[in-house]
Amino acid sequence: MPPELPLTAASLDEQLDYLAKGTVDLFDRDDLRKKLARSASSGKPLTVKVGFDPTAPDIHLGHTVVIRKMRHFQLLGHRVIFLIGDFTGMIGDPTGKKTTRPALSREEIETNAETYRKQIYKLLDREKTEVRFNAEWLGALGSEGMIRLAAKYTLARILERDDFRKRFDAHQPIALHELLYPLAQAYDSVALQADVEMGGTDQLFNLLVGRDLMREYGLEPQVVITLPLLEGLDGVEKMSKSLGNYIGIDEPAESIFGKVMSISDDLMWKYYLLSTDLTAAEIETKRGQVVAGALHPMEAKRELARRIIADFHSAGDAEKADDEFRRVFSDRQMPTEIEETILDAAAEPLPVIKMIVAAGLAPTNNEARRTLTQGGVSIDDARIDDPKATVEATAGRAYLIKVGKRRFGRVVFR
RNA sequence: GGAGAGAUUGCUGAGCGGCCAAAGGCAGCAGACUGUAAAUCUGCCGGACUUCGUCCUUCGGAGGUUCGAAUCCUCCUCUCUCCA
């Protein structure tokens, strides 16, 4: 976590600019300005609410975009509510595709919440963070309360939502309870009397319903802020665990480093904007240097990787990961730490393919064979291209195996 | 309640009763190249094996017709459309 900036002393406009960095929507700036001003004069911090899915407690870089913005509010002295949607989780956010979700038990929810807590304080200030569950008030609503809530909105307004609209037009199924999701989420804002709610751009509709509903309940409408969805490693789909294109913040530094290096040169700038605390101007300068040829894109990307790792691990870990990356990929040497697998010794020679699978370096024999045939396997620095090749499996024999560019393993027979 | 359309290998999306382990795209993997696990190009891409081939399991589920079915028939499950 970087040192706290003297932000509370900044002027209102400076604060607004700071908070607006990297955002897509901000409804609206004047409301936020008013709230900030009131907070400054009354000394009462703003309540900033962000909802999270109780089923996927592994935070990845995509989530950190909004979490980082939460931190910005904290640095200005405000209070953030990390809202775990245990109740809405039963509905399943219709944003996206999955319409059915398994109901989680109380224990599972608590476990997931614990996992969240462990991760979020890498970025957030524990003192200014409140973790809440929306079953607290949504569960208390009961069916009668739910119907009263539903009475405050119309189908036409719900169908304004692009997501529903598209599914409707494409003849995709929409279950009735899905229509309640935006209302339930909006009710969270009522219950918490949120000053600000944030989310990804895909949440815009839900967030705006919050504004409407708060007015219905006679509350001052919340300010709505949306942040871009960060594309995953493929550069196309949004980062998500199910697509496997994510960088988890709990991952080892080496792994994060490699993954950051694998994003395209173009995408790197978006990561700079959304996953570092550099100002927009600083990033533009850097980009200008790369375009002008004064800064090598690879160097810029390495710096990005180090910055990201420094947030989740430490600057020292970042340096180590950088060194390791250069060693393995730039200098094509073996990594310093290689996982070792012990296999049972045998008198008969063992096919290389079998050994690769046994060492967990390939999922199936076919996959191992394919990789080997394509020239991707070497043992003790010598490329193997005969799929029938075998190795001595007598006790005491050991082999250093490389499969593809980044799978390494050591096998010892015993 | 009635009439129709559809469910295909991680996703998407083709598929004439045999030439279908099933086109194309995406993702993934490997190689070359390089500036990196960028970009680009080439190849691979269900599983097992004694792999220029053989066998096994897959096309919503269960049966059936046929020498042979993802392709035809019956029933079931789920989705969508239109009518009431």
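Hydrogens, waters and symmetry mates play no part in the numbers below; they use all other heavy atoms, side chains included. Lettering follows sequence order; numbering is per chain, from 1.
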(message) Quick one about A:D317 and A:S314 (side-chain donor to acceptor, distance below 3.5 Å, no hydrogens or angles considered), yes or no?
(response) yes

(request) Return the nearest nucleotide to the side chain of A:Q374; candidates are B:rA48, B:rA30, B:rA32. (result) B:rA30

(request) Tell which nucleotide pairs with B:rA70, taking only Watson-Crick or G-U wobble pairs whose two distances are both under 3.5 angstrom. (result) none

(message) Could you check whether A:E282 and A:T279, counting side-chain N and O atoms only, form a donor-acceptor pair closer than 3.5 Å?
(response) yes

(message) Counting only Watson-Crick pairs (N1-N3 plus N6-O4 or O6-N4) and G-U wobbles (N1-O2, O6-N3), all under 3.5 Å, who is the partner of B:rC29?
(response) B:rG43

(request) Using atom CZ of A:F408 as one end and atom P of B:rA30 as the other, report the distance to the nearest whole Å. (result) 11 Å

(request) Provide the Watson-Crick or G-U wobble partner of B:rC59, both distances under 3.5 Å; none if there is no partner. (result) none

(message) Within the 4.0 Å heavy-atom criterion, would you say A:L372 contacts the bases, only the backbone, or no part of the nucleic acid?
(response) nothing

(request) Could you tell me which nucleotide pairs with B:rU54 by Watson-Crick or G-U wobble geometry, both distances under 3.5 Å, or answer none if nothing does? (result) B:rA48

(message) Using whole Å, what does the distance between atom C1' of nucleotide B:rA39 and atom CH2 of A:W269 come to?
(response) 16 Å

(request) Both distances under 3.5 Å, Watson-Crick or G-U wobble: report the partner of B:rG4, or none. (result) B:rC80

(message) Side chains of A:S378 and A:R383 only: does a donor on one sit below 3.5 Å from an acceptor on the other?
(response) no

(message) If I pick the C1' atom on B:rG28 and the same atom on B:rU81, what distance separates them, to the nearest angstrom?
(response) 37 Å

(request) Hey, which sits more toward the 5' end of RNA chain B by its nearest nucleotide, A:R407 or A:H296? (result) A:R407

(request) Could you give the distance separating B:rG25 and B:rU9 at their C1' atoms, to the nearest angstrom? (result) 15 Å

(message) Under 4.0 Å, counting only non-hydrogen atoms across every strand here, what does A:E299 touch: a base, just sugar-phosphate, or nothing?
(response) nothing

(request) Please check if atom CD in A:E130 has more than 12 non-hydrogen atoms from other residues, nucleotides or ligands closer than 6.0 Å. (result) yes

(request) Go through B:rA48, B:rU36, B:rA37 for me and flag the one nearest to the A:D265 side chain. (result) B:rU36

(message) For a quick check of understanding: with a heavy-atom distance under 4.0 Å over all strands, which category does A:F325 fall into, base, sugar-phosphate or nothing?
(response) base

(message) Would you measure the distance from the C1' atom in B:rC67 across to the matching atom in B:rC59 and give it in whole Å?
(response) 22 Å

(message) Without decimals, in angstroms, what is the distance between A:N366 CG and B:rC45 P?
(response) 9 Å

(message) Is it the case that the side chains of A:N206 and A:Q185 hold a donor-acceptor pair, with the cut-off being a distance below 3.5 Å and no angle test?
(response) yes

(request) Measure from the side-chain heavy atoms of A:M298 and tell me the nearest of B:rG35, B:rA38, B:rG47. (result) B:rG35

(request) Would you indicate what A:K301 reaches in the nucleic acid, counting non-hydrogen atoms under 4.0 angstrom: base, sugar-phosphate, or nothing? (result) base

